[in-house]
Colleague: 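Take this structure first; my questions come after.
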Amino acid sequence: MYVKAVPPTDLNRNTEWFTYPGVWTTYMLMVFMSWLIVLSLFGCSPGMAWTIVHLAHFLITYHFFHWKKGTPFADDQGIYNGLTWWEQIENGKQLTRNRKFLTVVPVVLYLIASHTTDYQNPMLFFNTLAVFVLVVAKFPHMHKVRIFGINADH
Amino acid sequence: MITIPYLTALTTYFSYGLLFAFGQFRDFFRKIFDRWHASNLQGYAPICLGLEDFYIRRLYLRIQDCFGRPISSAPDAWFDVVERYSNDNNKTLKRTTKITRCLNLGSYNYLGFAAADEYCTPHVIESLHKFSPSTCSSRVDGGTTTVHTELEECVANFVGKPAAVVFGMGYVTNSAILPIFIGKGGLIISDSLNHNSIVNGARGSGATVRVFQHNTPSHLEKVLREQIAEGQPRTHRPWKKIIVIVEGIYSMEGELCKLPEIVALCKKYKAYVYLDEAHSIGAVGKTGRGVCELLGVDTADVDIMMGTFTKSFGSCGGYIAGSKEVIQYLKYSCPAHLYATSISPPAAQQIISSIQVILGEDGSSRGAQKLARIRENSNFFRSELQKMGFEVLGDNDSPVMPIMLYNPAKIPAFSRECLKQNVAVVTVAFPATPLLLARARICISASHTKEDLVKALEVISRVGDLVGIKYFPAEPNKQHQEQSMMKLE
């Protein structure tokens, strides 16, 4: 089964890989695989495993999408050094399909995690906090906003 | 349009994700260890931010032995590759004195002028004795010799424009010329897969840069209409100047540009056309005059034609060809002309002699033979590779053929296995190409004989089976079908 890859018009090599086919499927498959691995390593209930996956997903995506700024190579001479990966995708255009997909994924994970733990208390609090932080960070109004100067340029 | 098998796309993303995760782990532990050992440079800022060279430290250095291999002979069809070894897992490489004779499928030696040539080399040596290796001066001070003026006339005649100016380095030709032609208030529309020198020149000019989808005239029209209607970014005044930049042959795809449609569009919307013929001048076209001759575009319609001498002419440097007024203006405003050292006289003589060979002015028909041979070689090689089931990009007649690899692990596998069987190929990965689309780029030369190509095909086929890059089904051998049909009769 073949798919066609059209080169996008994004010059930023750090983010243009996200517009090629197969990214969404790989993302969802990786989340599912990590749930299976957590379930087999820790031997906990499926609900706890989903909570662990949800919180790990929160930490990893917050760190790489909303905390780390710049690009992992020096070719572009630092023009993106003040922008996080989320602010760089698709040249800053808001509410594109990729952005909507990435906003929906943490919410879906939250629903699965809270459903499988039956909305019990310590897990519910952490899950809600995680999804709240992630979704607010992805709002269009939060583009280039640094609250209290946290993570601003030095 | 590149067709990827869906499973390969998924596995490629997964592999890059794994490499990225391992790199992040190692960086994390490196930060902890470094806190234990205090450095002796207290108070100094670090030279580079830790994340800027993440790609080089954690991904590129792992397969460093596939890039930058030193050679110890001229880059002809066969050349000597120096062997290297590493004691610390490819972080540092040490040269040995052993060399291997390999088939050269990586040099841009399109017409075979890279090695000693029976007409060009005596002339070059004579000019070396007469003028010395360097002019030691910029063009305006004392660096314009008779060779330089002869070269500029020769290039202008060859390309089909009234005048030309020549610079010492090809990359600099693009990055120092674009700021001269256009500044703030102008618009540059460049193809999404343009070379880094054009991107650099466009960024340095201060003009607004917009990108159109690779080789798609309909998208170019859409971008042109949108930009002309909107005008400059905040004031919405009309643009001072619009330049559309395209390349003749794209070096990573091997595709020809759709020049007739793009030139027609630019005439309609009154934009200038800048054509970068780095890979196509001398290599395509009936008499080697490049993509304009091949596609039947009048050279008077292309406003500025740029090219380099490193590919087909076996020398160094770049040129800009245009109308007399444009070249005159360049000569008194371009910093590469006013301050940079002029092109070395023996190199300039090599270009003049190779143009004379191509045009047949040296009295033999070697030029026409070379052009015919490179066309036959490229078409033969490309069709054989496609029959074997590889995914090969590029149009017919183009001497550049990338073979798609996709997975990051197949890049060093292909490169090292081919080197073991004495075939040297160049592999290209992220960030020179998009993340998913890593490839091995083959450059065919007029000095490759049929036996060389057949040997290369055998080796590539064997390595391709081993590495697993035959993504398309192989076509059955037609000879067997004919023999079985004859037996039936």
Side-chain angles (χ1 to χ4, degrees), chain A residues 1-34 37 56-57 59-61 63-65 67-85 88-91 93 151 153-154, chain B residues 1-14 16-18 20-21 23-24 45 48-60 190-194 196 199-200 202-203 209-216 219 223 252-253 391 404 406 430-437 471-472:
Chain A
M1 203 194 15
Y2 295 99
V3 283
K4 293 226 178 270
V6 181
T9 54
D10 193 357
L11 277 181
N12 183 358
R13 293 250 180 241
N14 188 22
T15 59
E16 55 118 32
W17 57 271
F18 208 72
T19 56
Y20 279 88
V23 187
W24 292 8
T25 316
T26 315
Y27 189 13
M28 295 191 286
L29 278 179
M30 285 208 299
V31 168
F32 182 67
M33 290 297 176
S34 53
I37 292 177
H57 174 262
L59 287 172
I60 297 178
T61 51
H63 180 74
F64 287 118
F65 289 179
W67 188 264
K68 278 253 148 119
K69 296 190 290 196
T71 52
F73 31 82
D75 281 358
D76 51 13
Q77 297 168 351
I79 48 182
Y80 301 111
N81 267 356
L83 297 176
T84 61
W85 191 84
Q88 287 172 32
I89 321 181
E90 286 162 341
N91 267 324
K93 212 159 66 137
N151 203 16
D153 298 328
H154 24 165
Chain B
M1 213 53 83
I2 304 178
T3 31
I4 317 175
Y6 197 56
L7 205 57
T8 312
L10 298 182
T11 51
T12 312
Y13 284 126
F14 181 68
Y16 272 111
L18 200 63
F20 186 73
Q24 293 289 336
C48 53
L49 304 171
L51 26 118
E52 243 178 22
D53 54 350
F54 173 78
Y55 176 76
I56 295 193
R57 273 179 300 116
R58 298 301 176 197
L59 273 77
Y60 176 81
S190 92
D191 190 290
S192 69
L193 294 176
N194 269 341
N196 190 271
V199 173
N200 227 325
R203 279 193 189 144
V209 182
R210 290 278 173 266
V211 171
F212 72 96
Q213 236 171 36
H214 174 63
N215 232 357
T216 316
H219 193 244
V223 171
M252 288 298 159
E253 271 73 31
E391 179 163 3
M404 299 307 294
Y406 303 122
F430 184 76
T433 62
L435 185 76
L436 257 186
L437 309 173
Y471 294 114
F472 288 148

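In what follows, every chain begins at residue 1, and chains take the letters A, B, ... in the order their sequences are listed.
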Colleague: Drop me the distance from B:Gln24's CD to A:His63's NE2, to the nearest 0.5 angstrom.
Modeller: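 It is 6.0 Å, given to the nearest 0.5 Å.
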Colleague: Quick check on A:Tyr27 against chain B: is it the side chain, the backbone, both or neither that has a heavy atom closer than 4.5 Å?
Modeller: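 Interface part for A:Tyr27: neither.
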Colleague: Which atoms of B:Asn200 come close to chain A, meaning under 4.5 Å heavy atom to heavy atom: side chain ones, backbone ones, both, or neither?
Modeller: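 It is the side chain, since no backbone atom gets that close.
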Colleague: Go through the steps for A:Thr25 and B:Tyr6 under the test side chain to side chain contact (heavy atoms under 4.5 Å, CB included), then give the verdict.
Modeller: CA-CA 10 Å; A:Thr25 316; B:Tyr6 197 56; 2.6 Å; yes
Colleague: Residues two or more places apart in sequence or in another chain: which of them pass ring-ring contact (aromatic ring centres under 6.0 Å, His included) with B:Tyr16?
Modeller: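 None.
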Colleague: Would you name the heavy atoms of B:Ala9 and A:Pro21 that are closest together and state the gap between them?
Modeller: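 It is CB-O, 4.1 Å.
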Colleague: Of the listed residues (B:Arg203, B:His214, B:Arg57), which shares the most heavy-atom pairs with chain A below a 4.5 Å separation?
Modeller: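 Heavy-atom pairs under 4.5 Å are most numerous for B:Arg203.
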Colleague: Give the C-alpha distance, both sets of side-chain angles, the deciding distance and a yes or no for ring pair (Phe, Tyr, Trp, His ring centres under 6.0 Å) between B:Phe430 and A:Phe73.
Modeller: CA-CA 10 Å; B:Phe430 184 76; A:Phe73 31 82; 5.5 Å; yes
Colleague: Picking from B:Leu435, B:Leu437, B:Thr12, what satisfies side-chain contact (heavy atoms from CB on, under 4.5 Å) with A:Tyr20?
Modeller: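 For A:Tyr20, the side-chain contact (heavy atoms from CB on, under 4.5 Å) check succeeds only for B:Leu437.
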Colleague: Given that the side chain runs from C-beta out, which part of B:Arg58 has a heavy atom under 4.5 Å from chain A: side chain, backbone, both or neither?
Modeller: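 Neither the backbone nor the side chain of B:Arg58 comes within 4.5 Å of chain A.
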Colleague: Taking side chain as everything from C-beta outward and backbone as N, CA, C, O, which of these in B:Ser190 sits under 4.5 Å from a heavy atom of chain A? Side chain, backbone, both or neither.
Modeller: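 No part of it gets close to chain A.
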Colleague: Please name the pair of heavy atoms, one in A:Met30 and one in B:Phe14, separated by the smallest distance, quoted to 0.1 Å.
Modeller: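 Where A:Met30 meets B:Phe14 most closely, the heavy atoms are SD-CD1, 3.9 Å.
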Colleague: Heavy atoms only: give me the nearest B:Thr3-A:Lys4 pair and the separation to one decimal.
Modeller: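 In terms of heavy atoms, the two residues are closest at CG2-NZ, 3.2 Å.
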Colleague: Would you mind telling me which of A:Val23, A:Ile79, A:Asn14 has the largest number of heavy-atom pairs within less than 4.5 Å of chain B?
Modeller: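 So the answer, after comparing A:Val23, A:Ile79, A:Asn14, is A:Val23.
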Colleague: Sort B:Phe20 into side chain, backbone, both or neither according to what part of it lies under 4.5 angstrom from a heavy atom of chain A.
Modeller: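 Only the side chain of B:Phe20 comes within 4.5 Å of chain A.
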Colleague: Ignoring hydrogens, what is the shortest heavy-atom contact between A:Arg13 and B:Thr433? Give both atom names and the distance.
Modeller: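 Residues A:Arg13 and B:Thr433, closest heavy atoms: NH1-C, 4.0 Å.
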Colleague: Quick one: what part of B:Ala432 sits under 4.5 Å from any heavy atom of chain A, side chain, backbone, both or neither?
Modeller: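 Only the backbone of B:Ala432 comes within 4.5 Å of chain A.
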Colleague: Pick one of side chain, backbone, both or neither for B:Leu51, based on which atoms fall under 4.5 Å of a heavy atom in chain A.
Modeller: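 For B:Leu51, backbone and side chain are both near chain A.
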Colleague: Name the orientation class of the two ring planes belonging to B:Tyr13 and A:Trp17 (parallel below 30°, tilted from 30 to 60°, perpendicular beyond 60°).
Modeller: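 Correct class here is tilted.
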